Undergrad: 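Sharing a structure below in structure tokens format, with a few things to ask.
Since the structure is predicted, the reported quantities are computational estimates derived from the model, not experimental observations. Index from 1, following the sequence.
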Amino acid sequence: MNDIAAATAVDGVGPPILRPMQILLAGRTPDQLDTEIKARAPDAVIRQWSVTGDIETMRDQVRAADVVLIAADAAGDRRIVGELAAAPRLRFVQLAFAGHDWLRPAMLPAGCAVSNTHEHSSAIGEYVLASILDATVRLGAIDAAFRSGSWAHSGTTGRGIKHGLLQGKTVGIVGYGHIGRDVARRLAPFGVEILAQGREAVDPPPAPLARFAGPEGLDDLLGRSDFIVLSCALNEATRGLIDVAAFDRMKPDAVLVNVSRGPVVEERALFEALRERRIRRAYIDVWYQYPTAATPHPRPGSFPFEELDNLVMTPHCSAWTEGQEQRRCDFLAENIARWVHGEPPLNRIALA
């Protein structure tokens with residue numbers, strides 16, 4: 001069986017296409033991606049389209065493509081997404097990022113497989129761990145006080161201000177996919193109780209979890225957790241999941257860490273919970289407004305989050321680490337090559 005027949009046979013969709021595999025790289029991709037794909041699939045024909053490119057050229061390329069890789073800027077542009085459903089040969093879409101809440105089955109040809117990219121979970125796991133430790137020990141506050149001449153945090157007198165201890169605390173993870181599992185693995189050595197909530201309960205829970213509940217367990221997780229980590233996908237079930245009522249269920253000294261998507265948390269509810277100190281602290285890396293060509297430096301939300309002293313706000317950078325592009329490039333090239341050679345792709349997603 002040739003490469004194209006093998007790739008088509010993964011899902012049994014459509015007749016074998018007896019010609020070189022046509023791969024379209026849409027949007028801003030790593031410079032070396034085409035070279036790395038060629039090294040793994042030398043017979044493939046690789047074309048590229050930039051979001052600044054000609055729309056008619058893009059349409060012709062999509063219609064000829066068996067595989068389309070969509071980078072983040074192309075997904076945001078949306079023009080290419082509108083052409084996919086009418087692409088007669090398209091059998092595989094590879095996203096160069098994780099989020100897929102914007103993609104629906106009706107946007108694709110029948111039987112078209114989709115995969116996303118998760119090479120960033122370790123970096124986000126480290127960000128979450130750093131956030132939890134920062135909220136616990138507060139090295140920055142101790143350093144600032146000491147630099148100003150205060151020994152208020154010292155234990156030498158036996159009367160100093162004590163910082164927290166992570167051991168013995170409870171961490172609740174909402175969304176137990178790649179990122180949630182990485183967070184749990186990193187937290188386990190600290191002697192914490194780890195709760196998770198996903199699409200359905202798992203009993204007995206996999207190590208290192210103390211409990212793995214379905215949606216019905218969210219209220220209990222919020223009420224028991226000292227730290228709440230949001231790492232779920234954004235969809236109709238999770239949009240606005242953390243609302244005023246959810247904040248009311250949390251402990252007054254709870255800490256929220258959001259590395260999922262901004263709209264998983266209702267914006268006004270988040271701002272008011274922090275301003276009114278109904279929770280102790282939050283670490284937010286995902287937002288409600290993002291840069292565009294017209295507005296390159298927008299405020300991240302509709303409320304003055306920057307005025308809150310119990311919020312650490314970062315510009316969606318938890319995954320933006322050294323070596324990220326090479327790791328992503330390696331995964332994308334390898335996954336596309338798997339499809340070309342008739343092997344099931346990794347990180348396959350089911351669209352709702």
Undergrad: Show your working on salt bridge (charged side-chain N to carboxylate O under 4.0 Å, His left out) between R59 and E56 and close with a plain yes or no.
TA: CA-CA 5 Å; R59 285 176 178 152; E56 289 303 323; 2.6 Å; yes
Undergrad: Are there over 12 heavy-atom neighbours, none belonging to E322, within less than 6.0 Å of that residue's CD?
TA: no
Undergrad: State yes or no: are the ring centers of F146 and H153 separated by less than 6.0 Å?
TA: no
Undergrad: Does T295 use its side chain to pair, donor to acceptor, with the backbone of P291 at less than 3.5 Å?
TA: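 No, the answer is negative, given that no donor and acceptor are paired below the 3.5 Å cut-off.
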Undergrad: Take the angle between the ring planes of F212 and Y176 and call it parallel below 30°, perpendicular above 60°, tilted in between.
TA: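 Correct class here is perpendicular.
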Undergrad: Are there over 12 heavy-atom neighbours, none belonging to R28, within less than 6.0 Å of that residue's CZ?
TA: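 Count not over threshold, so no.
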Undergrad: Under 6.0 Å from the CZ atom of R47, do we count more than 12 heavy atoms belonging to anything else shown?
TA: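 Count not over threshold, so no.
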Undergrad: Can you classify the ring geometry of H120 versus H118 as parallel (below 30°), tilted (30 to 60°) or perpendicular (above 60°)?
TA: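 Parallel, since the angle between the ring planes stays under 30°.
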Undergrad: Tell me whether T29 contacts the main-chain N or O of L25 through its side chain, where contact means a donor paired with an acceptor under 3.5 Å.
TA: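 Absent.
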Undergrad: Parallel, tilted or perpendicular: which fits the ring planes of F271 and F303, with parallel below 30° and perpendicular above 60°?
TA: parallel
Undergrad: Between S115 and N347, do the side chains contain an N or O donor and an N or O acceptor separated by less than 3.5 Å?
TA: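 Looking only at side-chain atoms, N347 and S115 do not form any donor-acceptor pair under 3.5 Å.
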Undergrad: Are side-chain heavy atoms of V340 and I37 found at a separation under 4.5 Å?
TA: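 Not in contact.
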Undergrad: How about L351 and V114: do any of their side-chain heavy atoms sit closer than 4.5 Å?
TA: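 In contact.
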Undergrad: For the residue pair E216 and L218, establish whether any side-chain heavy-atom pair is separated by less than 4.5 Å.
TA: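 They are not in contact (no side-chain heavy atoms under 4.5 Å apart), so the answer is no.
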Undergrad: Counting neighbours of CD on E200 that are heavy atoms of other residues, nucleotides or ligands and sit closer than 6.0 Å, is the number greater than 12?
TA: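 No, because the 6.0 Å sphere around CD of E200 holds 12 heavy atoms or fewer from other groups.
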Undergrad: Could you tell me if the side chain of Q167 sits less than 4.5 Å from the side chain of V192, heavy atoms only?
TA: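 Not touching, per the 4.5 Å side-chain cut-off.
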Undergrad: I'd like to know if F92 and V45 are part of one continuous hydrophobic network [Ile/Leu/Val/Met/Phe/Trp/Tyr, side-chain heavy atoms within less than 4.5 Å].
TA: no
Undergrad: Assigning hydrophobic clusters by single linkage (Ile, Leu, Val, Met, Phe, Trp, Tyr; side-chain heavy-atom cutoff under 4.5 Å), is M313 placed with V259?
TA: no
Undergrad: If you take all heavy atoms of G240 and E266, which pair is closest and at what distance?
TA: CA-CG, 3.9 Å
Undergrad: Establish, from distance only, whether the side-chain atoms of T321 and R327 form a donor-acceptor pair under 3.5 Å.
TA: yes
Undergrad: Side chains of W339 and V67: closer than 4.5 Å at any heavy-atom pair?
TA: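 They are in side-chain contact.
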Undergrad: How far apart are the C-alpha atoms of E193 and R224, what are their side-chain angles, what is the distance that settles it, and do they pass the salt bridge (charged side-chain N to carboxylate O under 4.0 Å, His left out) test?
TA: CA-CA 10 Å; E193 179 185 47; R224 291 173 56 185; 3.0 Å; yes
Undergrad: Would you sort out whether Y127 and T314 count as a side-chain hydrogen bond (donor to acceptor under 3.5 Å, both in side chains), showing the intermediate values?
TA: CA-CA 11 Å; Y127 174 98; T314 55; 2.6 Å; yes
Undergrad: Starting from V174, can I reach V264 by hopping between I/L/V/M/F/W/Y residues whose side chains sit under 4.5 Å apart?
TA: yes
Undergrad: I'd like to know if the side chain of Q324 and the backbone of A319 have a donor-acceptor N/O pair within less than 3.5 Å.
TA: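 Yes, because the side chain of Q324 sits within donor-acceptor range (under 3.5 Å) of the backbone of A319.
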Undergrad: Would you say I179 ends up clustered with L230 if hydrophobic residues are merged whenever their side chains have heavy atoms under 4.5 Å apart, either directly or through other cluster members?
TA: no
Undergrad: Pairing donors with acceptors under 3.5 angstrom, does anything connect the side chains of Q326 and E36?
TA: yes
Undergrad: Within the distance-only criterion (no hydrogens, no angle test), does the side chain of D285 pair as donor or acceptor with the backbone N or O of C317 below 3.5 angstrom?
TA: yes
Undergrad: Do other residues, nucleotides or ligands put more than 12 heavy atoms under 6.0 Å from D54 CG?
TA: yes
Undergrad: Looking at D77 and R79, does any basic side-chain N land under 4.0 Å from a carboxylate oxygen?
TA: yes
Undergrad: Indicate whether the side chain of S150 and that of S148 have a donor and an acceptor atom separated by less than 3.5 Å.
TA: no
Undergrad: Atom CG in L195, atom OG in S225: separation rounded to 0.5 Å?
TA: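 Spacing of CG (L195) from OG (S225) equals 5.0 Å.
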Undergrad: Would you please test L234 and T238 for side-chain contact (heavy atoms from CB on, under 4.5 Å) and show each step?
TA: CA-CA 6 Å; L234 176 64; T238 62; 4.1 Å; yes
Undergrad: Determine, step by step, whether D34 and K38 satisfy the salt bridge (charged side-chain N to carboxylate O under 4.0 Å, His left out) criterion, reporting the C-alpha distance in whole Å, the side-chain angles of both residues, the deciding distance to 0.1 Å, and the verdict.
TA: CA-CA 6 Å; D34 57 341; K38 271 290 191 181; over 6 Å; no
Undergrad: Just to verify, which of D309, V257, D134, L274 counts as forming a side chain to side chain contact (heavy atoms under 4.5 Å, CB included) with R281?
TA: D134
Undergrad: Salt bridge (charged side-chain N to carboxylate O under 4.0 Å, His left out) between D219 and R249: does it pass, once the steps are laid out?
TA: CA-CA 7 Å; D219 288 355; R249 296 185 193 103; 3.2 Å; yes
Undergrad: Decide, yes or no, whether a salt bridge links R268 with E272 under the criterion of side-chain N to carboxylate O below 4.0 Å.
TA: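 Salt bridge between R268 and E272, a charged N being under 4.0 Å from a carboxylate O: yes.
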